[in-house]
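The analysis underlying the following values was restricted to heavy atoms, covering all of them including side chains, and did not include hydrogens, waters or symmetry mates. Chain A is the first sequence line, chain B the second, and so forth, proteins listed ahead of strands; every chain is numbered from 1.
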Amino acid sequence: MRINWTSVCVDDQQKALQFYTETLGFRVKHNIPLGEHAWITLVSEEAPEGTELVLEPAGHPAVVPFRKALVEDGIPYTAFAVDDVEAEHERLVAEGVRFVQPPTDLGTVITAVFNDTCGNLIQIMEEKGQM
Amino acid sequence: MHIISHVDVYRAIADPTRRAILDELVDRSGQSLFELCARLIMKHGIGSSRQAISQHLDVLEAAGLIRTRREGRSKLHWFEGAPLQAIGERWPIPTDEYTSHSTDEDNEK
């Protein structure tokens with residue numbers, strides 16, 4: 001058993017595709033139309049053979065209150081690893097991305113949380129002391 | 001209304017977790033529940049549940065020590081110092097008197 005995919009529920013797959021590729025910088029691995037929606041998976045440029053991120057349509061009624069409650073309390077839907085949270089924060093702010101939590105030093109990690117414009121908060125995390 | 005909120009202040013700051021919450025909100029204003037919980041566990045070793053922290057926030061808000069505001073769809077928390085200032089005004093430190101009555105022990109500090 002392997003962990004090949006992880007997913008994020010998005011309001012609008014095409015809008016999400018744009019944000020996750022053009023703004024965040026991920027690369028499309030699969031984009032297969034499936035009726036109303038599509039099977040869209042992305043990979044990191046840094047790990048093209050690594051875990052794929054599935055842009056899952058947030059179609060189920062239960063997803064709405066679930067994500068609303070997460071966003072209300074500032075809870076990220078998922079997290080991505082970065083080498084330098086400060087640098088990513090600066091880069092993304094310049095791209096117009098809105099952060100609900102600026103880079104915060106929590107001792108062993110530095111984290112920040114931004115809005116993905118598709119209904120989710122996403123955390124970026126840098127593990128300290130890796131050098 | 002004012003009297004109730006002043007009474008609550010003493011109870012609110014009597015709890016060490018609630019004091020840590022205020023410390024973190026002074027460090028950065030406008031935090032979500034998630035950020036506060038992350039700071040409490042990582043910086044203070046306070047591993048209380050999100051529900052418990054949420055209840056602490058309710059007490060602090062009832063005491064007027066924090067206020068909340070929505071930014072987009074997230075609820076954020078701010079420190080509000082007015083109730084503590086009111087304590088200082090209720091029992092002002094008489095600076096001149098304090099100096100004249102101070103003991104040798106105080107002077108050594």
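In this structure the side chain of L42(A) never reaches within 4.5 angstrom of the side chain of L24(A), judged on heavy atoms. Counting heavy atoms from C-beta outward, V8(A) and L55(A) have side chains that approach closer than 4.5 Å.
Neither the backbone nor the side chain of L70(A) comes within contact range of chain B; no heavy atoms are under 4.5 Å apart.
The minimum heavy-atom distance linking C9(A) with A58(A) is given by the pair CB-CB, 4.0 Å.
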Present all donor-acceptor pairs from chain A to chain B with distances below 3.5 Å, rounded to 0.1 Å.
unit_1	atom_1	unit_2	atom_2	d
V71(A)	O	S74(B)	OG	2.8
E72(A)	O	K75(B)	N	2.9
E72(A)	OE1	R70(B)	NH2	3.1
E72(A)	OE2	R70(B)	NH2	3.3
D73(A)	O	L33(B)	N	3.4
D73(A)	O	F34(B)	N	2.9
V100(A)	O	R28(B)	NH2	3.4

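The aromatic rings of F114(A) and F19(A) lie tilted to each other, with the angle between the two planes from 30° to 60°.
To the nearest 0.5 angstrom, I46(B) atom CD1 is 7.5 Å from I21(B) atom CD1.
Of the possible polar contacts, one joining the H60(A) side chain to the A62(A) backbone as a donor-acceptor pair under 3.5 Å is found.
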